[in-house]
Amino acid sequence: MTTPYAIELRGISKRFGAVQANKDISLQVPAATIHGIIGENGAGKSTLMSIIYGFYEADKGEIDIDGQLTHIRNSQDAINAGIGMVHQHFMLVENFSVLENIILGAEGGSLLKEGVQAARKELQRLEEEYKLDVDIDAIVEDLPVGLQQRVEILKALYRGAKILILDEPTGVLTPQEADHLFRILKALKEQGVTVIIITHKLREILALTDNVSVMRQGEMVAHRETALTNKEELAELMVGKKVRLTVDKSTAQPTDTILSAKNVSWFDEQGIERLKNVSFDLKAGEIVGIAGVSGNGQSELLNVLSGITPLSSGEIHFNNEIITTTNTKNPQQMRELKMAHVPEDRHKMGLVTGFEAYEAAVLGYHDSPAYNGKVLLKRKAMQSECLERMQKWDVRPPNPYLKTANFSGGNQQKIVIAREVEQNPDALLIGQPTRGVDIGAIENIHEEIVKLRDAGKAILLVSVELDEIMALSDRILVMFDGAIVGEVSAKDADEKTLGLMMANALNEDTQTGAQA
Amino acid sequence: MFESLILILDATLRVSTPLIFAALAGLYAERSGIVDIGLEGKMLGSAFAAAAAATFFGSAWIGLFFGIMASVFLALLHGFACITHRGDHIVSGVAINTIVAGLTVTLGLYWFDQGGQTPSLVGAERFGPITFPFADALADVPVIGLLYSELLSGHSVLVYLAFVLVPVSAWIIYQTRFGLRLRAVGENPHAVDTAGINVAAIRYRAMIICGILCGIAGAYLSTAHNAGFLKDMSAGKGYIALAALIFGKWRPMSVLLACLLFGFLDAVAVRMQGVEVAGIGQVPVQAIEVLPYVLTVLLLAGFIGKAVGPKAVGRPYVKERS
Amino acid sequence: MNQPKIPVWVNIALIPFINIMLALFVSALLILAIGQNPIEAAGYLLYGAFGYQEGVGYTLYYATNLIFTGLAVSIAFKAGIFNIGGEGQAYIGGLGVGLACLAFDSSLPLFAIVPIAILGGAAFGAAWAFIPAYLNAKRGSHVVITTIMFNFISFSLMVYIMDHWLEKEGAMSLRSRDFEESAWLPSMQDILATFGIQIDSSPLNASFIWALICCVLVWGLIWHTRWGYQLRTLGTSTSAAVYAGINNGKVTIWVMLISGALAGFVGLNEIMGFNHSLLLNFTAGYGFAGIAVSLMGRNHPVGIVLAALLFGALYQGGSELAFELPSITPDIVVAIQGLVILFSGALEHMFKDRIESFFLRRSAA
């Protein structure tokens, strides 16, 4: 074939501060095909697509559209080049009608009346052609998410998009809605539209795409023709063969159940069920790891268990307390019940980065008698305790007066972990303990977590790093789409099986409605 | 009784006029996502500039032009702080109000040497009343005479302009491309940006319109309602306009009603001063004066209906880094 | 491994300094524009503010009000709340002070009236701040808009109260009867005289000392108590506050109570210390000036005292200036105040980002 590619990227690089989000990426997408891009969270997929859509400018590299070198400096350039994008978080004005949303930016004249008539006709044609079934006079916020997504697609098509990019389009959809979406995408392909779909779900890649590219840590690591690959290979490519982390640890000696979740569910403000009937037991003296691609309910689980958000149904049994929808406990009360929590995001939650280290080192425990006289804070006690802990945990520099923001990631994390652990909790929730932490500190933090387990603490570990989960956990639970979809004991776990479970690929073969 | 009602309504139109201009100004700003508590300062600045220019050039129209220029400059300053430099909208508004309060008196004293006031405006330096055809002839006809010649006729051109601008604004906001983009940018600037529209440009345009309208409001105060500039003559009208904007739930027609209501209360309060009402005694004027504020507080707290402003109002637009 | 960082002095000294200089530079241009020599004007201004004892007394007297309102604005700022209602809270707080004086001036001695007046000012000011705070915490009302509305409500309320209950018959303007001398806060002249120090008479009175005490108390509260810890956490990171189990609504309410109480103390200086009777409009914009003071003082009591001194000097020096140069009005000070708010508040990012990234690059290199 001599026809040029619909889109071709050469050597795209993008850096945010210290983070290299995209490194020398090349990609070729033939016209009228569906091209999948998969990768773990943080692999750089969304950044790459934002560059194509002109939301960011690449530091280096070239983009060809239909064989023409094209400079895309903003969204308008991208639209002019025939690129449309359906963002993960919809870019819709919620209190506008569907029609208003679609013509925004393409009104066809300074008076709305002129454009609206033409738009109605054109939209009717598009809807019929692609079976989109959206009432264009409905108000967007009244529509279910599946329909809102179709509004986004209509928006792109109305602008004459020949290349349609969809970022994690099924994350918010029910399986039925997702199937409908796939039918639409296939119809688009038949009409000559090129579709690029970003996802971390293997099922979708295999069901839908012609070609697939795999991203890992900012790099494009493989291109495959979908027909010639399989789940196993893709899962392995996605996760990669990492240096195996090893942690010296003996077999766990679990004793009493400390924490148990019984059918815990949680609905977000939009009424979407983010946690679905989660049940598990956590015993003293064991580490239970929660594996999963991020965004599958792990953060919500930690929030509910730590008291940050009240649960919507179910029960949490912790020590002798039963937490229900009526008997709620706030984070402070959970701490008093001896639940400690190392949050996933230490910058937003775990620390107040504007505080000096010794102040951040009491966050959440600031009301404790240890730090308070009748009126005044015992700053001397806080400072000397902080210094002591810094030495014990090897925080560098061991300076309690340094602004928290000025410590490196690993040292910040040690400050948080030390704070939570030194309260001698019965249960410890740890989210992403080594995110953004350098190698030396990782080992150190892992050893401490194992030591805690051996001291008889119950530990729930949430991490998107599969090797971390495998190195530390005694049992592994896999979360997908807000539910626990499987459990394996640590010794039976291998990356491939876990990777498949994380993509829910083991269960879905038996699901009805799955694509052939 | 009927006559005093007509007089009150007549006064209502006159005191509502600056509120309508200023509230519409605020409507454009807030619909685009910019909180503007600087309505007060822009009005005051324009009142001064208009009176000063009217004195210099002997024309109310030239005064109006300079009033608008001054107000647009302040609106762009607010935009520069809030749009370009992501400054706090409230702080910027307070700054502008404060600067203008000091600057007008300072310049007034320097130019006119009358303790900060401008000289009294006479003749063409003011916007005079427009008398409708046959108004004088009909004045003595019962009912209709009063309605026509007192209430409808005899206002300055700016009063009529205010009432014309309300449906015009409604048309602009709901029927034009600019209006669609304006509403969108105050609700979800990200959606506007990804639709290939420049967010900052829309917001700056909204601020220019806001400036023009505040400019007319200020010019009305000093060259139509009064005959010259007085220190602090805006006297909180900018804030009442803000209250009317909230009370009218950011919609032009409802905002007009809110302005008329607040203007009516003002007119009643003035007329009630010292008047004995049978059975009640003296009505405390202050109780009527505070009603606009109390009503707005109650509305904001959700006790009487619900006031939901544009969603992105007051927040700077920054492309988030993923 | 340290991450690149910005030297401390850049944020607490260099950036505020640049902002103030810009504001003063524009002010100088303004003075030039109205045909005066800025250097000459600055000379009169400085002389008026600091050149003789009475001038210094006036400067500190103005500064007293500004310390109170500056503290009021900044403690709310520290918790991430914009209390723009200092004007109304000061006004109603003054009513509390005045009522205390009117009620007890003929029955109690001064040392008993002072604590009652302090409590009265605090309670009335706090009460006026409570409603907006409560509506924000419980019903989601916007604090800024509600407090603005409450400023105007307070103006009308005071006129009503003065007119109906407190008006002194036959007075030229609306004011209460004069307090007995037992309800006058001692002037600084009298206080120092007891130590054998003679100074010229000025409105400066004991409330200046209370203002300084309040600075220490606020400083202690913010940086040395668990409540201060909570409010600073809330003001810096709402998500960290949620994580720590800090009750957002509760903190908002008591921070606003303290803020209102501090603003209410303006009445001590104006009503009990200087006018010795309750009157209208004694707050004269101090509540709004408090915003400038707190912005310039970087929300720290020490900075607030310095900023209050600067503005106090501008107020007093401005009067002197207007006296010496009749073509200048004291209102020019208001414009300068606005410029300070503009440059150190609304336009703070204009230079801050550039300066910070300059130092970041230097420290990374």
Side-chain angles (χ1 to χ4, degrees), chain B residues 35 37 41 77-78 80-82 84-111 113 115-116 231 236 239-240 242-243 246 282 284-290 292-303 307 309 314 316, chain C residues 30-31 33-36 82 84 131-132 134-136 138-142 144-146 148-161 163-164 285 288-289 291-292 295 322 326-350 353:
Chain B
V35 179
I37 66 166
L77 180 63
H78 189 54
F80 180 67
C82 300
T84 306
H85 288 292
R86 309 185 322 277
D88 187 299
H89 297 194
I90 306 291
V91 172
S92 172
V94 171
I96 285 170
N97 290 345
T98 315
I99 291 172
V100 172
L103 195 59
T104 47
V105 181
T106 304
L107 292 178
L109 185 73
Y110 171 61
W111 280 333
D113 207 13
K231 180 179 172 177
Y239 294 104
I240 296 223
L242 198 66
I246 297 166
Q282 240 187 52
V285 178
Q286 293 78 24
I288 307 171
E289 277 174 5
V290 299
Y293 309 115
V294 173
L295 287 173
T296 305
V297 167
L298 290 176
L299 182 77
L300 274 174
F303 289 112
Chain C
L30 172 62
I31 291 171
I34 55 174
Q36 301 295 338
F82 201 151
I84 201 168
I131 310 170
Y134 178 84
L135 291 176
N136 171 260
K138 301 291 171 188
R139 306 200 58 109
S141 297
H142 199 306
V144 172
I145 305 287
T146 319
I148 289 177
M149 298 296 132
F150 266 70
N151 284 339
F152 287 102
I153 298 174
S154 75
F155 302 157
S156 294
L157 183 67
M158 279 297 279
V159 173
Y160 180 81
I161 290 174
D163 195 18
H164 285 72
F288 292 116
I291 298 167
L295 282 172
S327 65
I328 288 187
T329 111
D331 290 275
I332 196 168
V333 171
V334 178
I336 296 175
Q337 187 181 307
L339 289 167
V340 170
I341 302 180
L342 183 72
F343 284 105
S344 47
L347 288 172
E348 65 168 345
H349 294 294
M350 189 161 64
D353 295 355

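Every chain is numbered from 1 and lettered A, B, ... according to where its sequence line falls, protein lines coming before strand lines.
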Problem set entry | Where B:His78 and B:His89 come nearest, the two heavy atoms and their spacing | CE1-O, 3.3 Å
Exercise. Which region of B:Ile240, side chain (C-beta onward) or backbone (N, CA, C, O), has a non-hydrogen atom less than 4.5 Å from a non-hydrogen atom of chain C, or is it both or neither?
Worked result: neither
Problem set entry | Side chain, backbone, both or neither of C:Pro326 within contact of chain B (heavy atoms, under 4.5 Å) | backbone
Exercise. Which bit of C:Phe150 is near chain B, if near means a heavy-atom gap under 4.5 Å: side chain, backbone, both or neither?
Worked result: side chain
Seminar exercise, completed: In short, C:Ser156 meets B:Gln286 closest at the heavy-atom pair O-CG, 3.2 Å
Exercise. With only heavy atoms counted, which part of B:Leu299 is less than 4.5 Å from chain C, the side chain, the backbone, both or neither?
Worked result: neither
Problem set entry | C:Ala292 versus chain B, the contacting section by heavy-atom distance below 4.5 Å | neither
Exercise. Can you tell me how far OG1 of B:Thr296 sits from CD1 of B:Ile246, rounded to the nearest 0.5 angstrom?
Worked result: 6.0 Å
For this session: Please report the shortest heavy-atom distance between C:Tyr160 and B:Pro284, naming the atom on each side.
Result: CE1-CB, 3.2 Å
For this session: Name the option with the most non-hydrogen atom pairs under 4.5 Å to chain C; the candidates are B:Gly309, B:Ala301, B:Ala243, B:Gly116.
Result: B:Ala301
For this session: With a 4.5 angstrom heavy-atom cut-off, could you sort out which part of C:Leu339 is near chain B: side chain, backbone, both or neither?
Result: both
Exercise. Do you know which two heavy atoms are closest between C:Ile84 and C:Asn151, and how far apart they sit?
Worked result: O-ND2, 3.1 Å
Problem set entry | Donor-acceptor contact below 3.5 Å, side chain B:Asp88 vs main chain C:Gly345 | no
Problem set entry | Pairs of heavy atoms under 4.5 Å with chain C: top-ranked of B:Gly93, B:Ala95, B:Gly87, B:Ala101 | B:Ala95
Problem set entry | Nearest non-hydrogen partners of B:Pro316 and B:Arg86, listed with the distance | CB-CB, 3.8 Å
Seminar exercise, completed: Per-residue tally against chain B (heavy atom, under 4.5 Å) across C:Phe152, C:Phe155, C:Phe82 peaks at C:Phe152
Exercise. In chain order, what residues pass the side-chain hydrogen bond (donor to acceptor under 3.5 Å, both in side chains) check against C:Asp331, with sequence neighbours excluded?
Worked result: B:Lys231, C:Thr329
Exercise. At a heavy-atom separation under 4.5 Å, does C:Leu295 approach chain B through its side chain, its backbone, both, or neither?
Worked result: side chain
Seminar exercise, completed: Counting heavy-atom pairs under 4.5 angstrom with chain B, the leader among C:Leu342, C:Ile34, C:Ile153 is C:Ile34
Seminar exercise, completed: When the 4.5 angstrom heavy-atom criterion is applied to B:Val100 and chain C, the contacting part is neither
